[in-house]
Enquirer: 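Pasting a structure below so you can have a look.
Chain naming here is simple, since letters A, B, ... match the order of the sequence lines and numbering starts at 1 in each.
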Protein chains: 2
Amino acid sequence: MNYSRQRETVYNVLRSTKDHPSAAWIYDECKKIIPGIGLATVYRNLELLVAQGKAIKVPVGQDQDRYDADISLHFHGACPICGKVWDEEISAPLNAALKAECEKNNSEGFSLTFFRVCGDCKAKQEQ
Amino acid sequence: MNYSRQRETVYNVLRSTKDHPSAAWIYDECKKIIPGIGLATVYRNLELLVAQGKAIKVPVGQDQDRYDADISLHFHGACPICGKVWDEEISAPLNAALKAECEKNNSEGFSLTFFRVCGDCKAKQEQ
DNA sequence: ATTAAATTGAGAATTATTCTCATTTTTGCT
DNA sequence: AGCAAAAATGAGAATAATTCTCAATTTAAT
């Protein structure tokens, strides 16, 4: 695999945030750095990063996929309305139990997501 | 909300399987019972069933969403290649810890999915 | 420098899902 | 049974995220 400035930029942009961004957001950020970058290039390199284990795709059952450069064992909260994704703190015992389970059944990985309406969407509902 | 044969059929088809089918598969099965049923009707009623809490959407980060009429507390395995979804057995302690966590942070629900290449895809890889 | 392999950008193509709207079905009421 | 309002449908158009194609450019080894 050869070096490319585009790939490096996609990775840097993804690493720059904890917001679990969508491909479209990453594309917009990359354009600020490499104005001529193509959307397909962003998708291509995100897919590569995931295949290489340098990023994960966070499935939330919304229209757009979310990406995360944090590949450590951690968990997500997601708003079922707007699709926003955040890191969710869970108890140490649960953390340990999950880690053990994952090792026991030798999964490549797992995804644990709690669904909860986020503050913004709750405010809009109450209007 | 009024009764409709289409809605009942969508629900019955979904309940008839443990395969976590896609909307397209459900549509094909429904057509065997109501040949003239429309695809939009299937989507509409799946969405309704989810909103009513009679089914869940299983996000697996693949192209198509998967649905499940089993709304009990349980967990999934998913193949990252073909998107197949199955029910995954986990240990009682983990089960209890998850239940507690969910109640503690009063989430509407959560999704726990282990990723593992399925037998079919593994066989294809080795060819 | 040269060349083969890898990567890109542009836009077309694909595909899952949602939307629109005229028509049909359901249901409460008489 | 007959009627009207509300709900639901089917068909196909519209939307939107993602993938594909391919000629042109860039990378990296010789």
Enquirer: With no hydrogens and no angle check, do the side chains of A:His76 and A:Asp68 hold a donor and an acceptor under 3.5 Å apart?
Expert: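 A donor-acceptor contact under 3.5 Å links the two side chains.
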
Enquirer: Please report the shortest heavy-atom distance between A:Cys118 and A:Lys84, naming the atom on each side.
Expert: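 For A:Cys118 versus A:Lys84, the nearest heavy atoms are SG-NZ, 3.5 Å.
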
Enquirer: Starting at the 5' end of DNA chain C and moving along, which residue's nearest nucleotide shows up first, B:Tyr3 or A:Arg5?
Expert: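 Taking each residue's closest nucleotide, the earlier one in sequence belongs to A:Arg5.
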
Enquirer: Is any side-chain N or O of B:Gln6 closer than 4.0 Å to OP1 or OP2 of D:dG10?
Expert: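 B:Gln6 to D:dG10 OP1/OP2: side-chain N or O found under 4.0 Å.
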
Enquirer: Could you tell me whether B:Lys104 and B:Glu101 make a salt bridge, using a distance below 4.0 angstrom between a side-chain N and a carboxylate O?
Expert: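 Salt bridge present between B:Lys104 and B:Glu101.
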
Enquirer: For B:Ala23 versus B:Val42, what's the shortest heavy-atom pair and its separation?
Expert: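 Taking B:Ala23 first and B:Val42 second, the nearest heavy atoms are O-CG1, 4.0 Å.
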
Enquirer: Is the shortest heavy-atom distance from the side chain of B:Glu29 to the side chain of B:Thr9 under 4.5 Å?
Expert: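 Of all side-chain heavy-atom pairs linking B:Thr9 with B:Glu29, none is under 4.5 Å.
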
Enquirer: Scan residues 44-54 of chain A against DNA chain C and write down, sorted by residue number, each residue with any heavy atom closer than 4.0 Å; if none is found, say none.
Expert: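 Of all residues in residues 44-54 of chain A, the ones placing a heavy atom under 4.0 Å from DNA chain C are A:Arg44, A:Asn45.
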
Enquirer: One thing to verify: whether A:Arg5 and A:Glu8 come together as a salt bridge, which I'm taking to mean a side-chain N less than 4.0 angstrom from a carboxylate O.
Expert: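 Salt bridge: no.
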
Enquirer: B:Asp63 or A:Met1: which one's nearest nucleotide on DNA chain C is closer to the 5' end?
Expert: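 In this pair, the answer is A:Met1.
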
Enquirer: Which residues within residues 26-40 of chain B lie with some heavy atom under 4.0 Å of an atom in DNA chain C?
Expert: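 Those residues are B:Leu39, B:Ala40.
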
Enquirer: Check whether A:Tyr11 forms a cation-pi arrangement with A:Arg15 (NZ or CZ under 6.0 Å from the six-membered ring centre, at most 45° off the ring normal).
Expert: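 That pair qualifies as a cation-pi contact.
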
Enquirer: Do B:Val13 and B:Trp25 have side chains that get closer than 4.5 Å, going by heavy atoms?
Expert: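 Yes - at least one pair of side-chain heavy atoms lies under 4.5 Å apart.
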
Enquirer: First contact, last contact: which nucleotides of DNA chain C are these for chain A, 5' to 3', heavy-atom distance under 4.0 Å?
Expert: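 First-to-last contact on DNA chain C, by the 4.0 Å heavy-atom rule, is C:dA6 to C:dG11.
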
Enquirer: Quick one, A:Phe75 and A:Glu89 - any side-chain contact, counting heavy atoms below 4.5 Å?
Expert: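 Result no, sub-4.5 Å side-chain heavy-atom pair not found.
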
Enquirer: Give one of base, sugar-phosphate or nothing for B:Tyr43, where a contact means two heavy atoms less than 4.0 Å apart.
Expert: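 Base contact - B:Tyr43 has a heavy atom under 4.0 Å of at least one base atom.
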
Enquirer: Search all heavy atoms of B:Cys79 against all heavy atoms of B:Cys121 and return the closest pair with its distance.
Expert: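 Smallest heavy-atom distance, with atoms named: SG-SG, 3.8 Å.
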
Enquirer: Using whole Å, what does the distance between atom P of nucleotide D:dA17 and atom CD of A:Gln64 come to?
Expert: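 Result: 5 Å.
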
Enquirer: Any side-chain heavy atom of B:Leu73 within less than 4.5 Å of one from B:Phe110?
Expert: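 Heavy-atom side-chain distance check passes, below 4.5 Å.
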
